[in-house]
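Taking it in order: structure first as structure tokens, then the write-up.
Residue indices begin at 1 and follow the sequence shown. Order of listing sets the numbers, starting from 1, for every ligand and every atom in it.
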Amino acid sequence: MPISFYEARQQILDAVPVLATEKASLLDASGRVIATDIVAEYSLPAFDNSAMDGYAVRVADCNIGRVLPVIGYLPAGETSSAPVKPGTVTRIMTGAPIPPGADAVIPLENCQEGQDQITIQQTVKKGDHIRWCGEDIRPGDQVISRGTPLRPAEISLLASFRRATVPVHLRTRVAILATGDELQEVDEPHFSGGIVNSNSPSLAAAVREIGAVPIILGIARDNLPSLREKIKQGLQADVLITSAGVSSGDRDLVREVLEEFGMEELFWKIKIKPGHPTAFGMHNNTPVFSLPGNPVSTLLTFEEFVRPALLKMMGHHSVLRTLYRATLSEPLKKKPGRLQILRVALQINQDGELIVSSAGDQNTGILRTLVDAQGIALLAAERDFFAAGEKIEVHLFGASTTLGY
Ligand code: AMP
Ligand code: MG
């Protein structure tokens with residue numbers, strides 16, 4: 001019995017394991033998911049320091065027009081225990097510790113500089129241009145939670161706390177197997193009736209986009225020995241994705257071979273369009289996704305089912321793309337019974353609203369529509385009509401998606 005889109009996704013997310021962790025250098029950790037909470041052990045900034053190149057002063061001395069001698073110099077990286085005595089100033093550079101006695105910094109450009117002296121030209125307030133110890137982060141603050149992907153900002157924070165290595169989840173190693181007698185590799189000479197294997201490169205790109213590691217197994221032919229050999233290899237990886245050979249045709253043998261290897265199939269067929277014959281199972285701890293062969297179906301089912309699973313395996317706590325409400329600029333019709341994974345064009349109008357329309361012909365054979373799409377709308381299985389002006393939920397393909405005006 002085909003199951004619903006949402007049941008299928010939940011069953012997958014419940015079944016897939018979270019991978020182990022390892023220590024990685026900051027560079028190696030970037031883009032991966034931290035496996036521990038980070039609690040601040042000390043303050044940031046670690047000491048009061050100057051936010052500007054200028055003069056460390058005592059506010060009580062800073063009446064406008066007053067001339068004050070410069071008695072010291074503090075470049076960044078140097079500390080001085082020499083206090084700023086009443087009636088004097090110390091030249092200080094950005095990042096240098098505020099010397100004892102000083103309670104403000106006057107930027108170079110805000111005073112008149114003379115030979116070994118400055119003249120006060122503006123009102124000075126206590127704390128001006130000082131970065132106080134702990135104003136950013138205090139000891140005990142939880143600054144990063146486990147399950148967070150490490151972006152450049154988190155890497156900056158980790159480096160500030162002298163974490164040269166951090167525990168992160170392993171990258172998922174994903175075996176990718178194309179199946180079909182008609183397939184030839186992209187760099188092989190064309191034969192009549194041949195179809196280029198575009199699924200292996202497209203799936204590998206999709207796997208890599210989320211920081212997982214593709215292992216391309218090549219093509220298995222539609223016979224038992226060939227499938228057995230390749231599937232055996234694929235089951236060594238953390239995840240196996242096959243494409244094609246999963247419908248009900250005479251040569252659709254993928255599920256049969258997986259069953260021979262002892263895979264427990266959790267479902268076959270989802271009430272969706274495209275992607276109906278998708279199957280999913282577990283071989284011990286290895287999730288196996290059997291995706292349909294049509295290149296559009298392959299990528300859409302990867303997007304909706306495999307991508308969240310790989311993210312969970314790599315330790316991500318949020319695995320689904322953010323949903324946005326968008327206004328339909330045209331009516332949409334569909335047959336009731338299956339959820340439609342609609343390839344959509346998205347624009348932002350002059351009022352800043354997100355506007356959605358079909359990205360083109362939604363026939364599964366039309367790859368062009370996927371190329372033209374910026375995202376996906378999931379049209380509920382039971383509905384058959386959506387009116388222009390109605391708000392529907394959409395998700396974008398990724399951070400690099402740009403929206404036109
Ligand atoms: P199947 O599920 O085996 O009936 O395949 C469905 C359709 O997808 C057929 O037209 C195949 O030729 C095509 N197809 C299958 N595998 C690939 C692939 N790796 N790259 C491109 N097209 C494929
Ligand atoms: Mg086939």
Side-chain angles (χ1 to χ4, degrees), residues 2 8 174-209 212 214-235 237 239-260 263 265 267-281 288-307 310 338 340-341 343 360-373:
V174 185
I176 296 169
L177 178 61
T179 73
D181 285 337
E182 74 283 27
L183 298 180
Q184 54 176 148
E185 297 294 14
V186 62
D187 52 358
E188 281 172 358
H190 180 71
F191 64 84
S192 153
I195 300 277
V196 175
N197 169 17
S198 59
N199 287 344
S200 293
S202 70
L203 285 170
V207 163
R208 208 173 247 189
E209 198 174 61
I215 301 165
I216 295 180
L217 299 179
I219 299 168
R221 299 304 171 187
D222 292 321
N223 63 68
L224 295 173
S226 178
L227 282 163
R228 283 182 189 127
E229 185 204 325
K230 293 287 190 183
I231 285 176
K232 189 172 176 192
Q233 276 180 45
L235 292 171
V239 172
L240 169 61
I241 305 176
T242 66
S243 76
V246 75
S247 304
S248 314
D250 329 332
R251 293 195 189 171
D252 291 338
L253 303 170
V254 170
R255 292 174 57 240
E256 183 180 327
V257 174
L258 286 167
E259 196 179 324
E260 270 180 29
M263 183 195 80
E265 186 170 85
F267 61 79
W268 177 43
K269 294 187 176 167
I270 312 174
K271 284 181 260 176
I272 54 174
K273 190 177 165 41
H276 188 249
T278 304
F280 172 73
V288 181
F289 295 87
S290 306
L291 305 183
N294 192 294
V296 170
S297 313
T298 308
L299 280 181
L300 292 179
T301 47
F302 178 93
E303 167 67 29
E304 298 299 332
F305 301 106
V306 187
R307 182 181 181 277
L310 300 185
R338 291 192 198 171
Q340 185 165 5
I341 305 175
R343 290 154 273 168
D361 184 343
Q362 296 289 330
N363 194 307
T364 331
I366 310 296
L367 184 58
R368 175 70 184 266
T369 303
L370 187 53
V371 173
D372 288 343

(request) Not counting sequence neighbours, which residues clear side-chain hydrogen bond (donor to acceptor under 3.5 Å, both in side chains) with Glu209? List them please. (result) none

(message) Tell me whether Ser202 contacts the main-chain N or O of Asn199 through its side chain, where contact means a donor paired with an acceptor under 3.5 Å.
(response) yes

(request) Enumerate the residue pairs fulfilling salt bridge (charged side-chain N to carboxylate O under 4.0 Å, His left out) with a member in residues 220-234, sequence neighbours excluded, ordered by first and then second residue. (result) Arg228-Glu260

(message) Strictly by salt bridge (charged side-chain N to carboxylate O under 4.0 Å, His left out), give each pair with a member in residues 183-199 just once, sequence neighbours left out.
(response) none

(message) Just to be sure I understand the cut-off, which residues have at least one non-hydrogen atom under 4.0 angstrom from an atom of ligand 1?
(response) Ala178, Thr179, Glu182, Leu183, Ile195, Val196, Asn197, Ser198, Asn199, Ser243, Ala244, Gly245, Gly293, Asn294, Pro295

(message) Quick one, Asp372 with Thr369, criterion side chain to side chain donor-acceptor pair (under 3.5 Å). Give me CA distance, side-chain angles, the key distance, then yes/no.
(response) CA-CA 5 Å; Asp372 288 343; Thr369 303; 5.9 Å; no

(message) How long is the straight-line distance from OG1 of Thr364 back to NE2 of His276, given to the nearest 0.5 Å?
(response) 12.0 Å

